[in-house]
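Chain letters run A, B, ... following the sequence lines, proteins first, then strands; residues in each count from 1. A quick note: this is a predicted structure, and the numbers were derived from the prediction, not measured.
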Amino acid sequence: MPSVTLTVNGKSHTVDIEARTLLVELLREKLSLTGTHVGCDTSQCGACVVHVDGVSVKSCAMLALQAEGTDVLTIEGLAAADGTLHPMQEAFREHHALQCGFCTPGMVMSAIDMVMAHPEGMTEEDIRHNLEGNLCRCTGYHNIVKAIAAAWPVMHGKELVAAE
Amino acid sequence: MYDFKYEKPTDVAAAVASLGADMEAKALAGGQTFIPVLKQRLNKPTVVVDLSKLGLTGITVTPTSVTIGAMTTHGTVAESEEVKKAIPALAHLAGLIGDNAVRHRGTIGGSLANNDPSACYPAALLALGGTVTTDRRTITAGDFFQGMFTTALEQGELITSVSFPVPEKAAYAKFRNPASRYAMVGVFVAKLAGGVRVAITGASQGGVYRHTQFEQALSKNFAPDAIKDITTPSDGLNSDIHASAEYRAHLIGVMTKRAVLAC
Amino acid sequence: MNAIFEGIGASVRRKEDLRFISGRGNFVDDINRPGQTHAIIKRSDRPHAKLISIDTAVAKAAPGVIAVFIAADMEKDALGGIPCGWQIHNKDGSPMAEPPHPILASGKVRHVGDPIAVVIAETRQQAKDAAELLDIVFEDLPPVATVRDAVRPGAALVHDGVTGNTCFDWHIGDKDLVDAAFARATKVVKLDLTNNRLVPNAMEPRAAIGEFDPMSDDYTLYTTSQNPHVIRLLMGAFVLHLPEHKLRVVAPDVGGGFGSKIYHYAEEAIVTWSAGKLKRPVKWTCDRTEAFMSDAHGRDHDSTAEMALDAAGNFLALRVRTLCNMGAYLSTFAPAVPTYLYATLLAGVYKTPAVYAEVHAVFTNTVPVDAYRGAGRPEATFLLERLMDVIAHDTGHDRVALRRQNFIPADAFPYQTPVALNYDSGDYQTTLTKALEYAKWDEFPARRAAAAAKGKLRGIGISTYVEACGIAPSKLVGQLGARAGLYEVANVRVHPTGSVTVFTGTHSHGQGHETTFAQLVSDQLGIPISQIDIVHGDTNKIPFGMGTYGSRSLAVGGSAMVKAMDKIITKGKKIAAHLMEASVEDIEFKDGKFSVAGTDKAKTLAEIALTAYVPHNYPIEELEPGLDETAFYDPKNFTYPGGCHVCEVEIDADTGVTTVVGFTAVDDVGRVINPMIVEGQVQGGVAQGIGQALFENAVYDDQAQLVSASFMDYTMPRADSIPNILVGTETTLCTHNPLGVKGCGEVGAIGSPPAVINAVVDALRDFGVRHIDMPASPQKIWSIIQAGRPQMAAE
Ligand SMILES: Cc1cc2nc3c(=O)[nH]c(=O)nc-3n(C[C@H](O)[C@H](O)[C@H](O)COP(=O)(O)OP(=O)(O)OC[C@H]3O[C@@H](n4cnc5c(N)ncnc54)[C@H](O)[C@@H]3O)c2cc1C
Ligand code: FES
Ligand code: FES
């Protein structure tokens, strides 16, 4: 049986797996990191989004073996060791950007990725466009968009000047 | 997903050898199409050859061409300052494929090799008259596409890079399938020294194709109005729950005008 | 002291959020039990076929396979079928057709997705591998794909013996009165319309784990359910024949339901029964594609509506005929949806004196149809509010004035409708006025002109609605055919040091009960919400309950809590009177303190609780120790939220694409406990309503194959297809529950679809269009524009 060595949330793991194991299955079933969810089987919903080497990836569309040697960050790894939440987590709570919470891990991971990728600022339209790969059935997106806009200045340490 | 043997060779020759040794061996690039297909058990490879360590990434721009390594992701192309300068339409197109996460993994080589009838890149390659370079030869766009999900690639033949001539002007206009967000109709218009080329994706049962009537009209007069009296026949166009062939035919005209306007 | 206001009316941030934003939620698929096995359900790919044979031998011999079960194995154990919880009677008084609904298909398969066998293996992949090795021989039968197909003479029968595929043919209202009104009407306006079939698509796919303890004979089912006690009742009593004390049902964190997780599904029975057979836990998790073919769908009506009017535009009578789809089998509450949750709402917000509705429910070879967010009320609202605009169109009345003229006036409550319901309160003029004001209705012509200058067609539409929720008075629903009571239960446990745990029979799967209910308790008992925990979702912890649907949790479940807390306070007063040597009549309870009226003598709730649990100085002769009270609350009536939604759209005439550019909802949901949560509920509901109106459609082809069976084909609303949603509330209190609350979970999905379509039709007003069925897809709009253009040119 093949094995994969990778870093997840700062911890190194070596795991024996079937070649067909998806990254999301490795995380959920082998490493018990069940914060990353599976919401579809066509790679359309984004519930499974994690960061691989610093960028957002759908962990349902990646083999675990493809993650050999990578640095994976999941929702469980976002908060600081002392429990201080990431600004995006805080913003989601403050702006009621979650209801059932099922889409939330993927949303938060995608949201962090998009904010990091847009140091120049983001309009509401940009945020909505960048959420294209994440489905939420509960919130109607309104508050998710608000939360991301609110986290932007905190993450970049400056005001978000967005055309309203 | 059926289980398989996984290999990650470090040079093209080894990858080609692996793929050639077994009829059921398959190449894996970004996996954004292949892995969903495997999950649906629509494909049962014996060996999966991961192309990620073959060194096939990178973008080279000259005054007359843009050459992109097969394993270069859509995200890299979309954000490349060089591509944005040389062929902005190509960067724009790459930025319209899927979503951020898909663009971080999906590759140009995978997209072209797959030749999904609703994929975006095939329209750019065909309209710009680009070429596909493989481990063994160079194939022109016209020869490369052979109907939906079919290309000139032989069993085990690997795309290594893709080259696009730099046009005078070009633009891509995409009408997204409302559900999947692939191209329901995508039109790439390129104004080249030799005339205008128009490639249509998403619409035809035969996959990407050139709209010669539009090309002739636009070569004479490069303006949206030049095609206003040309009706695109709906024969051979796809019909599904989102769009009839007639509606697609109509959208081809609308999207072409928009692409010309955006040039 | 409790410095921050956390009581009723405060937008308290949610207590449940920390675990969800940290990836520490506890959804069913996150749970793994020791020794667990994995089940895969083999489903039919045929819409309608005889099952000739099933050969399981090869599958059973495959690596890792532990067992393969088919219907015959269950028949040996004399298991029951999946029960239906509501019985409707036909016009002639006879009961509806209620054909058997086996757990695994027996003899015949009746829809694509019908479960045929379960394969259980050590791993999920092994079970999947083996499921492909089942050898099933079918004999195809002609399929029935739509309601129209089902009633066609000579149509194939989904169930042998169910003539004409009719489940029931039911009616409500006074037919003679309605006929007489039509006879004297000066104008009759008629509209044919469909209500498109939807797939609920909660983001968490269903999942279930069955477990059996051979030492005690105890079964446990972990399931993605909105109502664990209902599942225990239905599955225990009717399917597996297990007594309640031997069956525990746990519904932990559930990732959205919208109705689809109310019902008792075959997979719950399969994993529970299999766990008993194998003496090992059995886990099943649904794939999304599988969910499309096995979660109950919603809506799917085909209706004709006719309004009789006098010369002044007053409504005289409404006549409705609806053909509705039950799918292949009766899901748990399916018969109630197009009858008592739909036809009883056909008076709407209007004082139409006579209403008569006929509802013909049929079986088809499709996935069962049941309640989906709003359940019946969106169908009624769409019919009425489309009809309003069509009446305005046909008669030349202004659509706002027409509605205002026919509204039930604010001083007419309580108002008895001609279709059974008695509305307790509402003020439709005010919600309409507010909504028009927020949406800047009067300035619309300028916006339309500006859009036209950009080459866009701009339209605006309204919908004024009332719904009935807070489900429901048990006696009444019993008379109407429910096979259960619809009260709710709360157990309020004050601990010795004064903190509180509340056990509720409702279930939260996104609604934020852990916060809202804590606010309620904080308000009444005067303790901070950090001292309050709300527990739900486990039949071993909670006395009983009917769960969460029909926007009932606060109105019914919250009222039960109020009643239980009243008991706590009553008992506390007796203890306080004893401690402070005062008469009970003189004890007042306020802000968490029991005090003697007119003195400064007081005891905190914590002091009273401690006394109750350490009863040294205690009236032990008259009073039991402890401070723990349970209350059952049976509502006296439905609650009647209402309001007005305004939608503004822009259409790209070249492509037919509609963009929602503005949405305003002003809803009367009764008293608001947490405005932030109410806004979120409305926004989510509106997004689903916009989804129904513009994007979503479950399409079966004529061979009854589900063509839109994945997110690749079924259009879900995404962030870039939904606008910001402006939410306002206007309150008239519910008159019959202690909190004055009505419910906010469904109003968004009920009020919005016709507002969207009315806006689309308004945008296309120059194209000779009177009605558009949902979804108003780009292709549909393009066709209308194509057809309308020549006519415009000719004009
Ligand atoms: C949610 C989602 C949305 C998407 N939206 C769009 C869209 O809007 N437009 C669009 O165009 N695409 C879209 N895609 C598809 C995406 O662009 C894929 O990345 C692409 O089609 C395949 O590229 P890949 O690198 O992922 O290839 P893979 O999936 O790894 O491979 C695809 C096929 O190509 C073969 N192959 C791969 N690389 C090579 C090579 N170098 N030489 C020979 N054969 C090779 C593989 O064997 C396989 O058969 C979407 C995908 C997803 C999941
Ligand atoms: S589970 Fe990965 S995109 Fe849906
Ligand atoms: S919060 Fe439930 S799916 Fe997004």
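- The backbone N or O of Ile21(C) sits less than 3.5 Å from a side-chain atom of Gln89(A), completing a donor-acceptor pair.
- No other option in Gly680(C), Gly256(C), Ala291(C) has as many heavy-atom pairs under 4.5 Å with chain A as Gly680(C).
- A 4.5 Å side-chain heavy-atom check between Arg14(C) and Arg93(A) finds every atom pair outside the cut-off.
- Using a 4.5 Å heavy-atom threshold, the side chains of Phe258(C) and Cys138(A) count as touching.
- Looking only at distances, a side-chain donor or acceptor of Arg718(C) sits under 3.5 Å from a matching main-chain atom of Glu132(A).
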- request: Just do the side-chain contact (heavy atoms from CB on, under 4.5 Å) check on Gln683(C) and His96(A) with the steps written out, would you?
  value: CA-CA 11 Å; Gln683(C) 285 161 346; His96(A) 188 30; over 6 Å; no
message: Under the criterion side-chain contact (heavy atoms from CB on, under 4.5 Å), I'd like the reasoning laid out for Asp30(C) against Arg28(A): C-alpha separation, chi angles, the key distance, then a yes or no.
response: CA-CA 8 Å; Asp30(C) 300 344; Arg28(A) 289 182 56 81; 2.8 Å; yes
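- For Val682(C), no part sits under 4.5 Å from any heavy atom of chain A, backbone or side chain.
- The candidate with the highest count of non-hydrogen atom pairs below 4.5 Å against chain A, out of Ile690(C), Leu18(C), Asp720(C), Thr123(C), is Asp720(C).
- Ion pairing of Arg13(C) with Glu94(A) is present here, as a side-chain N (NZ or NE/NH1/NH2) and a carboxylate O approach within less than 4.0 Å.
- Under the 3.5 Å distance criterion, the side-chain polar atoms of Asp41(A) are matched with a main-chain donor or acceptor of Thr289(C).
- In this structure, His37(A) and Asp29(C) have side chains that are not in contact, with every pair of non-hydrogen atoms separated by 4.5 Å or more.
- Of the listed residues (Met716(C), Glu290(C), Arg124(C), Arg288(C)), the one with the most heavy-atom contacts under 4.5 Å to chain A is Arg288(C).
- The closest side-chain heavy-atom distance from His142(A) to Leu726(C) is not below 4.5 Å.
- Here the side chains of Arg137(A) and Arg373(C) are not in contact, with every heavy-atom distance at 4.5 Å or above.
- When Ser22(C), Pro205(C), Ala687(C), Gly255(C) are compared by the number of non-hydrogen pairs under 4.5 Å with chain A, Ser22(C) comes out ahead.
- The choice from Gly748(C), Pro200(C), Ala719(C), Gly23(C) that makes the most heavy-atom pairs within less than 4.5 Å of chain A is Ala719(C).
- For Glu679(C) and Lys146(A), the salt-bridge test fails: no basic side-chain N is under 4.0 Å from an acidic carboxylate O.
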